[in-house]
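Have a look at the structure below, then the notes.
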Amino acid sequence: MPELPEVEVTRRGIAGPLAGAQVVAARLGKPLRWPLGCAPATLSGATVGGAERRGKYLWLPLAREARPAGGLLLHLGMSGSLAWLPGGAASEPGPHDHFDLVTDRGTLRLHDPRRFGAVLWSPALDAAPAAPLLARLGAEPFDPALTPARFHAALQRRRAPIKAVLLDGSVVVGAGNIYACEALFAAAIHPALRAALRSTLARALALGGSTLRDFSDVHGGAGAFQSQAAVYGRAGQPCPRCGAALARRVMAQRSTYFCAACQRR
DNA sequence: AGTTAAACCTGGTTGC
DNA sequence: TGCAACCAGGTTTAAC
């Protein structure tokens, strides 16, 4: 269940037990997205520093005699989950348990039926192979540096539909398919906003544009779109979609017409 | 450069 | 009941 909230819940669940634990052994199951990148035995003896998160990736720093000894970059993919099995001998791994990090306090076990997940050893978070994977990630959604202005500017540079931009994570990380849909609904933004914009403009073009008082084409003719507008200039009239009275509100010094009933918030 | 499609896997659900 | 087709929480990689 791995979008940002699920990954963060996982991190909070393992960070405590893992911090200061000493690796006793590591066990691999079937191949995941990438090979581990080191012999599992070389992890033994390292101390786990805890658990950090970047986007949907988890990072488990490792140390030897207080010196950095790389770390493990984990991703849960589509079907992955982590379990903390406290105590000595963990239960026998099931057919979908593809990685065990056995420590002196318990075992961290990756369960991932579809195996889109990954466990990747990297000498540091800012070195290959971890760094290139994190490099393309956008802002953390709760980062104060992600101001409305910056968010807006980043979105403006993109031409793909808003839903695709959210999923792609290069503007802001964390939203997967569920939360992208939910966030767009909460903001009452159509996932294909760009397509809606294009079709609206194309229809207006076909009708010669909108003539309120001034506009005329090069032959002095008037446009006809204004009579087809669903909401513009129609405050108080029934919404063509749900029948509720259309509203007018000033936003950014401009009259904004909308339906408060079916365009939520 | 930026957007889209294919690829990686398994398992559950749907439809014939 | 059996089996094919399709869908599922993601993201890299290759291709327009």
Side-chain angles (χ1 to χ4, degrees), chain A residues 1-14 27-37 51-60 71-83 92-100 109-122 125-142 150-187 189-199 201-202:
Chain A
M1 322 180 264
E3 294 181 46
L4 186 144
E6 291 76 24
V7 176
E8 177 61 17
V9 164
T10 300
R11 189 196 68 77
R12 293 179 184 182
I14 64 174
R27 182 199 64 84
L28 292 173
K30 286 186 179 177
L32 296 164
R33 173 178 285 276
W34 301 294
L36 178 60
E52 296 156 25
R53 181 189 61 75
R54 176 72 176 98
K56 297 171 190 169
Y57 284 96
L58 289 171
W59 172 248
L60 311 183
L72 293 173
L73 191 71
L74 275 68
H75 198 291
L76 299 179
M78 286 278 265
S79 58
S81 62
L82 287 172
E92 199 65 17
H96 299 305
D97 297 328
H98 301 303
F99 181 75
D100 276 359
R109 174 167 290 174
L110 175 67
H111 177 84
D112 186 6
R114 291 177 71 179
R115 293 192 280 132
F116 289 164
V119 183
L120 188 60
W121 184 84
S122 185
L125 196 52
D126 58 359
L133 296 172
L134 303 181
R136 55 189 97 207
L137 297 184
E140 284 291 325
F142 298 111
R150 285 174 178 229
F151 187 47
H152 177 74
L155 290 179
Q156 290 251 258
R157 277 182 239 114
R158 302 295 296 268
R159 292 171 170 269
I162 184 65
K163 172 78 186 302
V165 173
L166 290 180
L167 281 183
D168 144 285
S170 56
V171 171
V172 58
V173 297
N177 205 33
I178 290 178
Y179 299 123
C181 287
E182 292 299 311
L184 287 174
F185 176 80
I189 294 171
H190 195 287
L193 175 61
R194 188 188 63 130
L197 179 63
R198 280 187 171 174
S199 64
L201 296 179

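Letters A, B, ... mirror the listed sequences (proteins, then strands); counts begin at 1.
- Between A/Lys30 and B/dC9 there is no side-chain N or O to OP1 or OP2 distance below 4.0 Å.
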Could I get a table of every N or O pair under 3.5 Å where one atom is in the protein and the other is in nucleotides 4-8 of chain B?
none

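- For A/Arg150, the salt bridge (Lys or Arg N to Asp or Glu O under 4.0 Å) criterion is met by no residue, not counting sequence neighbours.
- Atoms CG (A/Leu73) and P (C/dT11) sit 12 Å apart, rounded to a whole Å.
- Look at CH2 on A/Trp34: it is 13 Å from P on B/dC9, rounded to the nearest Å.
- Among C/dG9, B/dT10, C/dT11, the nucleotide with an atom closest to any side-chain atom of A/Met78 is C/dG9.
- Within the structure, a side-chain polar atom (N or O) of A/Tyr57 is placed less than 4.0 Å from OP1 or OP2 of C/dT12.
- Under 4.0 angstrom from either OP1 or OP2 of C/dT11 there lies at least one side-chain N or O belonging to A/His75.
- Looking at the side chain of A/Ile178, the nearest of the listed nucleotides C/dG9, B/dT3, C/dT11 is C/dG9.
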N/O donor-acceptor pairs under 3.5 Å from side chains in residues 170-185 of chain A, not counting sequence neighbours:
{"residue": "A/Ser170", "atom": "OG", "partner": "A/Arg158", "partner atom": "NH1", "Å": "2.7"}
{"residue": "A/Ser170", "atom": "OG", "partner": "A/Asp168", "partner atom": "OD1", "Å": "2.4"}
{"residue": "A/Asn177", "atom": "OD1", "partner": "A/Lys163", "partner atom": "NZ", "Å": "2.9"}
{"residue": "A/Tyr179", "atom": "OH", "partner": "A/Glu6", "partner atom": "OE2", "Å": "2.7"}

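- One atom, CZ of A/Arg136, and another, P of B/dT3, lie 15 Å apart when rounded to the nearest Å.
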Could you provide the dot-bracket string of DNA chain C, using ( ) for intrastrand pairs, [ ] for crossing pairs and | for bases paired to another strand, with Watson-Crick or G-U pairs below 3.5 Å? .|||||||.|||||||
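- Between the P atom of C/dC7 and the CG atom of A/Asn177 lies a distance of 13 Å, rounded to the nearest Å.
- Going from atom CG of A/Leu167 over to atom C1' of C/dG10 covers 9 Å, rounded to whole Å.
- Checked against salt bridge (Lys or Arg N to Asp or Glu O under 4.0 Å), A/Arg11 has the following partners two or more places apart in sequence or in another chain: A/Glu8.
- Remark: P of B/dT3 and CG of A/Leu166 are 13 Å apart, rounded to the nearest angstrom.
- Residues that satisfy the salt bridge (Lys or Arg N to Asp or Glu O under 4.0 Å) test with A/Arg136, not counting sequence neighbours, are absent from this structure.
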